[in-house]
2 protein chains.
Amino acid sequence: MVRRSATGRIGIADVAVKAGVSHATVSRVMNGNFTVDPDIAARVRAAAAELKYQPNPVGRSLALGKTDTIGIVVPDLANPTFQAILRGLSRAAAQDGYRVLIADSFEVSSEEAILAGEARRRCDGLVLCAPRMSDAELEEIAPSLRPLVLINRTTDADDIPSLVVDYGQGVQDIAEHLVELGHTRLAFLSGPPRSASNGLRLQGLEAFKAAHPQVEVRMLEGGSDFDTGHGAVDAVLESGATGILAFNDLVAMGLMSGLHERGLQVPGDISVTGFDDIPFAKYTTPALTTAAVPITELGEQAWHQLRALIRKEDNDAPGSRYQPRLEVRASTGPAKAPRQAVHG
Amino acid sequence: MVRRSATGRIGIADVAVKAGVSHATVSRVMNGNFTVDPDIAARVRAAAAELKYQPNPVGRSLALGKTDTIGIVVPDLANPTFQAILRGLSRAAAQDGYRVLIADSFEVSSEEAILAGEARRRCDGLVLCAPRMSDAELEEIAPSLRPLVLINRTTDADDIPSLVVDYGQGVQDIAEHLVELGHTRLAFLSGPPRSASNGLRLQGLEAFKAAHPQVEVRMLEGGSDFDTGHGAVDAVLESGATGILAFNDLVAMGLMSGLHERGLQVPGDISVTGFDDIPFAKYTTPALTTAAVPITELGEQAWHQLRALIRKEDNDAPGSRYQPRLEVRASTGPAKAPRQAVHG
DNA sequence: GCGATCTGAGAAAACGCTTTCTCGCCGGGC
DNA sequence: GCCCGGCGAGAAAGCGTTTTCTCAGATCGC
């Protein structure tokens with residue numbers, strides 16, 4: 001007869017009774033402690049199997065002071081970039097027996113700090129993606145979130161690894177590519193104003209402009225999704241630019257779609273580039289020229305960094321910098337003769 | 001001076017000491033119990049604020065017997081369908097103060113049962129997406145996972161809600177649409193052989209064939225990703241079909257890409273349809289005709305069903321059936337005169 | 001003014017596990 | 001034959017909360 005504890009689930013006590021031993025011994029057996037007599041161990045295992053006993057993780061967590069779970073805070077689960085980070089993180093962590101708790105802030109950056117704190121307390125460590133959070137706030141909450149790994153953000157604390165993508169370099173590589181194709185009028189369809197990675201792109205473009213004074217680079221307001229790109233067609237045409245650097249692949253795809261609707265050819269009339277190299281980028285028509293970011297690998301690395309922190313290992317490489325790789329596809333081509341600006 | 005418990009984090013005991021009250025009183029204050037003297041409550045709150053005390057969720061979970069967390073088991077986080085379910089689920093659950101723990105089985109269905117059990121024990125409930133699991137195994141493990149909500153699977157137990165998409169009807173709607181455009185030779189680029197939703201599609205096509213004996217419907221082997229579609233071009237051309245029903249949007253996009261490379265026009269030469277209406281479907285060129293599944297809403301509903309179970313509410317609508325909506329875009333068009341089968 | 005009632009806070013048990021502490025028992029050494 | 005060391009298992013003390021139980025003190029009624 002299976003005795004049931006108050007909660008209705010069988011616990012260590014039930015196994016102990018059935019095997020005629022103490023709680024402690026059951027625990028020892030379940031944890032592979034070899035100081036227990038083989039006969040008794042077998043009896044305990046038999047009892048556990050018969051009762052289908054599975055240790056309660058909450059009890060274990062409390063006793064051990066660890067949850068075997070890590071958290072990840074993302075601003076938007078709909079964004080392929082964060083999906084890819086999550087995927088890489090989850091896969092890598094799973095291989096070490098860790099689970100991932102997700103905290104989606106839905107772009108409400110005012111909630112991010114609280115959300116991060118709550119997630120952290122349930123986990124052994126945290127990966128934070130908070131592109132819109134202010135530096136000041138980040139600096140303030142980061143210490144309390146340790147062990148912590150930052151994605152595309154940095155902090156002064158030296159035990160908080162940062163995994164950053166060199167967006168500045170990537171955007172310069174793309175611009176170079178367009179210039180080599182003969183484009184002299186470029187436009188950057190920028191991302192969300194407060195986005196940290198957008199700031200890096202802008203810095204990169206400043207460096208580019210300094211190095212290429214003969215090239216015109218217009219800055220256009222933007223965002224980070226399809227609709228931004230789709231809605232930016234007028235602004236793009238008005239700019240008179242022949243080479244467009246979209247904030248990311250989503251924006252680029254939206255833009256290409258909008259241009260297509262207007263009967264414009266890509267890259268015949270206008271060259272378009274993205275950023276990130278999301279899985280869909282190579283399947284657009286024309287296939288999108290973009291800067292490939294090894295984003296799943298970044299998620300994986302995030303876990304490795306976090307694992308080192310959790311295990312208190314010496315981390316020889318605290319944080320890393322990822323270089324995007326220019327991926328030339330069919331959405332960029334030689335520049336046409338300069339067009340006149342279109343009047344809306 | 002801030003006293004620190006053994007773990008280095010401040011606990012309820014520190015607040016109690018600082019406020020000069022007992023643990024119990026601190027707990028009462030933190031949980032909004034009004035049987036405590038306002039003066040003392042204020043003192044406790046001040047102490048808590050000063051120490052930045054935040055209750056340890058693991059301790060709470062153990063005492064309360066709940067974790068305010070739900071789990072979701074998905075076969076592949078890279079699949080947009082499961083990403084969308086996760087997103088809807090996460091958003092809905094977050095509004096009720098619940099978090100989501102993810103368990104990615106990476107298509108290793110032999111691990112699914114164990115994974116699901118482990119996830120369940122850490123959570124208050126589970127959402128299970130296991131399209132490849134056998135009916136027998138599902139039936140066996142489902143009871144032990146309660147509260148449980150199934151996605152696109154059903155079970156005999158009546159307290160396990162199932163949210164199923166009517167793939168059979170959806171595929172029939174698509175086929176009807178193609179027939180109306182004059183196609184008489186169709187081909188179904190099927191999904192993974194053991195996939196439950198693929199089975200439903202096949203059933204739907206059988207019903208369709210029975211109702212339209214004059215239409216030829218070929219079955220082609222397939223899969224569920226881009227590469228499947230891209231690699232199926234030869235088989236599709238050999239079939240001589242002019243209307244292709246791809247298993248899902250990913251396969252359809254891969255196929256369109258492959259056809260494009262061969263210089264074939266969509267829909268001029270061949271009409272292609274997808275399934276799911278993932279966000280990218282409307283941005284392909286040509287935009288993809290597909291059957292739209294309200295998949296994010298499905299994730300949201302999964303939470304509502306699970307919430308009812310967790311709260312032990314009477315659930316008036318245990319499970320629901322979702323009808324896909326035909327979304328006619330530019331990838332389907334009138335049939336050409338029947339082509340001869342191409343010899344590879 | 002005294003007993004009954006009620007309020008509010010502390011003591012302690014409970015949640016389910018791990019782990020230290022303790023102790024009985026056995027074997028070996030002298 | 002006795003003592004000591006070591007081994008193995010039970011008792012008990014945590015882990016950090018919540019909640020029941022208990023009881024002191026205050027309030028009320030008569």
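Letters A, B, ... mirror the listed sequences (proteins, then strands); counts begin at 1. In this text the structure is predicted, and so the values were computed from the model without any measurement.
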[X] side chain, from C-beta outward: closest of [options]:
| X | options | value |
| --- | --- | --- |
| A:A63 | D:dT17, C:dA9, D:dG14 | D:dG14 |
| B:N56 | D:dT17, D:dA9, C:dC17 | D:dT17 |
| A:D37 | D:dT17, C:dG16, D:dA9 | D:dA9 |

Quiz item: Are A:D135 and A:R153 close enough for a salt bridge, meaning some N to O gap below 4.0 Å?
Solution: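 Between A:R153 and A:D135 there is a salt bridge, with a charged N closer than 4.0 Å to a carboxylate O.
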Self-check item: Lys/Arg N to Asp/Glu carboxylate O, B:E118 vs A:R99, below 4.0 Å
Solution: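 A salt bridge links B:E118 with A:R99.
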Nearest whole angstrom, please: distance from the [atom2] of [N] to the [atom1] of [X].
| X | N | atom1 | atom2 | value |
| --- | --- | --- | --- | --- |
| B:R60 | D:dC15 | CZ | C1' | 16 Å |
| B:K66 | C:dA14 | NZ | P | 22 Å |
| A:N33 | C:dT19 | CG | C1' | 10 Å |
| B:I12 | C:dA11 | CD1 | P | 14 Å |
| B:L64 | D:dG16 | CG | P | 16 Å |
| A:D68 | C:dC17 | CG | P | 15 Å |
| B:D39 | C:dT7 | CG | C1' | 15 Å |
| A:R122 | D:dC15 | CZ | C1' | 17 Å |

Exercise. For residues A:Y98 and A:C123, determine if any side-chain heavy atom of one lies less than 4.5 Å from a side-chain heavy atom of the other.
Key: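 No; the side chains remain at least 4.5 Å from each other.
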Quiz item: Which distance, rounded to the nearest 0.5 Å, do you find between the CG of B:N152 and the CD1 of B:I85?
Solution: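 The CD1 atom of B:I85 is 7.0 Å from CG of B:N152, to the nearest 0.5 Å.
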Quiz prompt | Rounded distance (nearest 0.5 Å) linking atom CD of B:Q301 with atom OG1 of B:T296 | solution =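 Going from the CD atom of B:Q301 to the OG1 atom of B:T296 covers 12.5 Å.
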Exercise. Indicate whether OP1 or OP2 belonging to C:dG16 is found under 4.0 Å from a side-chain N or O atom of A:Y53.
Key: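 No, outside the criterion.
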Exercise. For B:G20 and for B:L62, locate the closest nucleotide of DNA chain C by heavy-atom distance; then report the residue assigned to the nucleotide nearer the 5' terminus.
Key: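 Closest to the 5' end, via its nearest nucleotide, is B:G20.
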Practice problem: State whether the number of non-hydrogen atoms from other residues, nucleotides or ligands found under 6.0 Å of B:H23 atom NE2 is greater than 12. | Solution: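 Atom NE2 in B:H23 is not crowded, with 12 or fewer foreign heavy atoms closer than 6.0 Å.
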Practice problem: List in numerical order all residues of residues 21-31 of chain B for which some heavy atom is under 4.0 Å away from an atom belonging to DNA chain D. | Solution: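 Close to the strand are B:A24, B:S27, B:R28, B:N31.
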Sub-3.5 Å pairs of nitrogen or oxygen atoms, protein against nucleotides 4-6 of chain D:
none

